[in-house]
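Chain identifiers are assigned alphabetically (A, B, ...) following the order of the sequence lines, protein sequences preceding nucleic acid strands; residue numbering begins at 1 within each chain.
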2 protein chains.
Amino acid sequence: MKPKFTYVGIRVKDMDESIAFYTKMFEMELRGKYGIDTTKGKVASLVSQKDGFPLELNYYSKGSPFYRRYAVGEGLDHLCFQVDDLDKTLAKAKKDGHRVLQEVKTKTSRWAYIEDPNGKWVEIVQ
Amino acid sequence: MKPKFTYVGIRVKDMDESIAFYTKMFEMELRGKYGIDTTKGKVASLVSQKDGFPLELNYYSKGSPFYRRYAVGEGLDHLCFQVDDLDKTLAKAKKDGHRVLQEVKTKTSRWAYIEDPNGKWVEIVQ
C-alpha cells in the first residue's frame, strides 16, 4: 500500500470553542472526543460531511508535556473549505464574530479568508 | 452541497527540500508548482497516491506581504500518514537525516513521530 495521508491535527486553545467553529461554520461532523492520560490532552476528530477527510483538534492542558504557550506561528499556513455560497458563509462568519481577513469577489474568482478561534487562517472558496 | 474540506496548506522554508521530503518519505505525487505574483510566493500541490487528499506547500519570499520570520509555532499540531511497514519508513527517515522524535512499538500499537524539514511533527502509524 502507498502511504495514506490520514488526517491533519491542529492545536486548539479551547476544545469546545473550536468544535463549535468547525461544526457550525463548515458543517463538519464530530466523530469522537476523548482524553489521553499520558499527554494530559484532549483529542476531537471531525470529518467533512462532503468528503470525510478528518481534521483532528488537539488540546493540551497546562500540566501536559506537550503544553506550550499558544502562538499560532508559521507551521500551518491555512485550511481550505469549498462552499456553495460564499456570501452566505461570510455573513454567518460575521454574525458569529469571526474576523474576515481578505475578501475577493471578481467575475473569475470568489474566495475569502476568515480567522478561526485560534487565530488560524481558513480559506473559503466558492 | 455540504462544505468540502479541500486541502491543508503548510508553510515551508525551502520549497525543493519540502517537496523532496513529502515525495520521498510518503510517496506523495507532485501535481503542480507555480508562482503567485501578488504574494511573491510559490505554491506546490502534493497528493497522497493512496487517497488523493492534497497537501499544499506555501512558500513566501522575503519581499512578500505574507513573509514573516519562520517559527513553527502552535498552529499546526501534526500531519499523519499511515504506512505498511513502520520499521522500513523509520530506517529511511534516519538514513535521510530526519529526526525521529518518538517511537512506540508495542503489541497493540506501532507509531512514531518524525520531523519534517520545517520542524513540523509528522506522525507515522502502521
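Within 6.0 Å of NZ on K88(B) lie no more than 12 heavy atoms contributed by other residues, nucleotides or ligands. Counting heavy-atom neighbours within 6.0 Å of K24(B) NZ, excluding the residue itself, gives a total of 12 or less.
Most heavy-atom pairs under 4.5 Å with chain A: of the set L55(B), T89(B), N58(B), this distinction falls to N58(B). The greatest number of non-hydrogen atom pairs below 4.5 Å with chain B, out of G73(A), C80(A), S48(A), is found for C80(A). Counting heavy-atom pairs closer than 4.5 Å to chain B, the top-ranked of the candidates I10(A), V83(A), V12(A), L57(A) is I10(A).
Qualifying ring-ring contact (aromatic ring centres under 6.0 Å, His included) partners for F81(A), counting only residues two or more places apart in sequence or in other chains: F26(A), F5(B).
Between atom CD of residue E74(B) and atom OH of residue Y67(A) there is a gap of 9.0 Å, rounded to the nearest 0.5 Å. K4(A) NZ to Q82(B) CD: the interatomic distance, rounded to the nearest 0.5 Å, is 7.0 Å.
Residues W111(B) and F66(A) share a single hydrophobic cluster, defined by chaining ILVMFWY side chains whose heavy atoms lie under 4.5 Å apart.
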Show the atom names and distances, to 0.1 Å, of all donor-acceptor pairs under 3.5 Å that link a side chain in residues 114-126 of chain B to residues at least two apart or in another chain.
from: E115(B); atom 1: OE2; to: R99(B); atom 2: NH1; distance (Å): 3.0
from: D116(B); atom 1: OD1; to: N118(B); atom 2: N; distance (Å): 2.6
from: D116(B); atom 1: OD1; to: G119(B); atom 2: N; distance (Å): 3.1
from: D116(B); atom 1: OD1; to: K120(B); atom 2: N; distance (Å): 3.1
from: D116(B); atom 1: OD2; to: Y22(B); atom 2: OH; distance (Å): 2.7
from: D116(B); atom 1: OD2; to: N118(B); atom 2: ND2; distance (Å): 3.1
from: N118(B); atom 1: OD1; to: K13(B); atom 2: N; distance (Å): 2.8
from: N118(B); atom 1: ND2; to: S18(B); atom 2: OG; distance (Å): 3.0
from: K120(B); atom 1: NZ; to: G75(A); atom 2: O; distance (Å): 2.5
from: K120(B); atom 1: NZ; to: R11(B); atom 2: O; distance (Å): 2.7
from: K120(B); atom 1: NZ; to: Y70(B); atom 2: OH; distance (Å): 2.9
from: E123(B); atom 1: OE1; to: Y7(A); atom 2: OH; distance (Å): 2.7
from: E123(B); atom 1: OE1; to: H78(B); atom 2: NE2; distance (Å): 3.3
from: E123(B); atom 1: OE1; to: Y113(B); atom 2: OH; distance (Å): 3.2
from: Q126(B); atom 1: OE1; to: L86(B); atom 2: N; distance (Å): 2.9
from: Q126(B); atom 1: OE1; to: R110(B); atom 2: NE; distance (Å): 3.0
from: Q126(B); atom 1: OE1; to: R110(B); atom 2: NH2; distance (Å): 3.4

